[in-house]
Amino acid sequence: MKRICFMVLKNIVMVPLWYLKLWYYARNPAKISEEKKLELFKEIITGANRAGNVTVRSYGIQNIPKDQSFMYFPNHQGLYDVLALLDGSPYFFSVVMKKELEHLPFLNLIFRIMGAHSMDREDVRQSMKVIQKVSKEVKDGKNFLIFPEGTRSKNPKEIGSFKGGSFKSATKARCPIVPVCIKDADRVFDTGSTAPVTVEVHYLKPLYYEEYEKMKTTEIAEEVEKRIQKALNEK
């Protein structure tokens with residue numbers, strides 16, 4: 001919470017302008033290009049990072065597919081995860097979030113701009129509808145992010161079990177699956193410290209449809225989890 005306060009107070013002059021831009025973009029998402037949306041997000045995150053003593057270092061950008069839509073599947077460490085990917089990703093993406101987040105102030109504007117989908121994990125029918133919507137949108141050229149753990153890890157050095165159902169949208173869309181390893185994002189908002197912190201985002205080599213088409217979603221989940229855990233263990 002202290003770091004968030006610093007981010008806001010040190011940008012007090014810019015915050016009203018950023019909020020107005022977010023509000024306008026959220027009201028008119030179809031009129032704003034993905035490039036403009038990502039540009040605004042990066043501008044806000046850069047200002048917030050500078051004020052909050054946060055540095056994001058991104059690796060493996062060359063692994064992100066350039067000529068087709070894809071889906072990011074990262075480990076989940078904390079509230080800062082999506083911002084870390086927005087900071088480094090050269091391409092705009094949307095996100096599947098848990099239903100509890102859709103009405104949070106400020107975040108709800110960001111999610112509306114991203115065209116995010118909320119998923120009720122207790123409602124199987126609603127979850128299936130979201131999977132189908134995401135699959136269609138990826139086929140139509142949109143990139144997405146899903147946290148296959150479903151919730152953030154209790155131990156940032158060990159990732160939770162990846163759920164096979166998280167990969168159904170990707171298999172239906174036959175799109176590249178990009179494993180993403182996030183390191184130290186939990187230290188940004190999930191501790192009381194305001195000490196300088198460096199968050200690492202590693203974009204690992206993607207799995208293309210030809211590689212996973214004969215695999216079950218549970219097997220895909222195990223493979224992606226293994227790759228991310230290996231990267232997480234490396235110093």
Side-chain angles (χ1 to χ4, degrees), residues 1-11 14-15 17-19 21-22 25-26 29 32-66 69-97 101 104 106-116 142-147 149 152-153 156 159 178-191 193-206 228 231-232:
M1 183 58 72
K2 288 182 181 178
R3 198 185 302 271
I4 294 177
C5 290
F6 280 175
M7 288 177 169
V8 173
L9 291 175
K10 290 183 179 181
N11 287 292
M14 293 300 299
V15 167
L17 177 60
W18 287 338
Y19 185 85
K21 281 187 175 181
L22 288 172
Y25 280 26
I32 312 298
S33 69
E34 290 188 347
E35 290 75 17
K36 282 288 186 181
K37 293 174 184 177
L38 187 58
E39 182 181 322
L40 176 59
F41 287 154
K42 287 181 180 291
E43 177 186 335
I44 295 172
I45 293 168
T46 297
N49 286 347
R50 188 182 301 116
N53 290 324
V54 180
T55 300
V56 178
R57 301 197 185 283
S58 299
Y59 304 90
I61 297 292
Q62 71 278 5
N63 290 324
I64 304 172
K66 300 179 178 63
S69 54
F70 57 84
M71 293 186 70
Y72 287 134
F73 287 90
N75 57 312
H76 197 5
Q77 291 194 327
L79 295 172
Y80 188 77
D81 293 344
V82 174
L83 299 181
L85 268 79
L86 283 171
D87 180 275
S89 176
Y91 305 110
F92 186 79
F93 61 88
S94 188
V95 63
V96 175
M97 61 181 177
L101 298 177
L104 288 180
F106 186 75
L107 281 179
N108 63 345
L109 294 179
I110 293 177
F111 289 139
R112 283 168 60 187
I113 294 170
M114 296 178 81
K142 194 171 181 179
N143 306 313
F144 260 90
L145 178 153
I146 291 181
F147 290 108
E149 290 168 276
R152 72 184 91 167
S153 306
I159 58 180
V178 183
V180 184
C181 177
I182 302 175
K183 298 183 180 182
D184 294 326
D186 59 298
R187 295 172 56 195
V188 179
F189 293 149
D190 298 83
T191 69
S193 174
T194 57
V197 58
T198 297
V199 177
E200 293 185 10
V201 180
H202 297 259
Y203 299 92
L204 309 180
K205 289 185 178 180
I228 295 176
L232 192 62

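One is the number of the first residue; the rest follow in order along the sequence. Computation of the quantities below employed the complete heavy-atom set of this structure, encompassing side-chain atoms and omitting hydrogens, waters and symmetry-equivalent molecules.
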Q: Determine whether more than 12 heavy atoms belonging to other residues, nucleotides or ligands lie under 6.0 Å from atom CZ of F189.
A: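 Atom CZ in F189 is packed in, count exceeds 12.
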
Q: Tell me, yes or no, whether the heavy-atom count around Y19 atom OH, taken from other residues, nucleotides or ligands under 6.0 Å, exceeds 12.
A: no

With rounding to the nearest 0.5 angstrom, report the [atom1] to [atom2] distance, [X] to [Y].
X	Y	atom1	atom2	value
N63	H202	CG	NE2	12.0 Å
T46	E43	OG1	CD	8.0 Å
I44	D87	CD1	CG	12.5 Å
Y72	D81	OH	CG	14.0 Å
F41	I113	CZ	CD1	4.5 Å

Q | Test log, rule side chain to side chain contact (heavy atoms under 4.5 Å, CB included), inputs N143 and F92 | A | CA-CA 7 Å; N143 306 313; F92 186 79; 5.8 Å; no

Please name the pair of heavy atoms, one in [X] and one in [Y], separated by the smallest distance, quoted to 0.1 Å.
X	Y	result
K142	S94	CE-CB, 3.6 Å
A84	V199	CB-CG1, 4.1 Å
M114	V82	CE-CG1, 4.4 Å
V15	V8	CG2-O, 3.9 Å
K66	Y91	CG-OH, 3.2 Å
I159	N75	CG2-CB, 3.4 Å

Q.
Quick one, D184 with E200, criterion side chain to side chain contact (heavy atoms under 4.5 Å, CB included). Give me CA distance, side-chain angles, the key distance, then yes/no.
A. CA-CA 7 Å; D184 294 326; E200 293 185 10; 5.8 Å; no

Q.
Donor-acceptor check, side chain of K205 to backbone of G60, threshold 3.5 angstrom: yes or no?
A. no

Q. Can Y80 and N49 be counted as having a side-chain donor-acceptor contact under 3.5 angstrom?
A.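 Yes - a donor-acceptor pair under 3.5 Å links their side chains.
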
**Q.** L83 vs V56 side-chain heavy atoms within contact, under 4.5 Å
**A.**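 Sidechains of V56 and L83: no contact.
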
Q: For residues Y203 and L85, determine if any side-chain heavy atom of one lies less than 4.5 Å from a side-chain heavy atom of the other.
A: yes

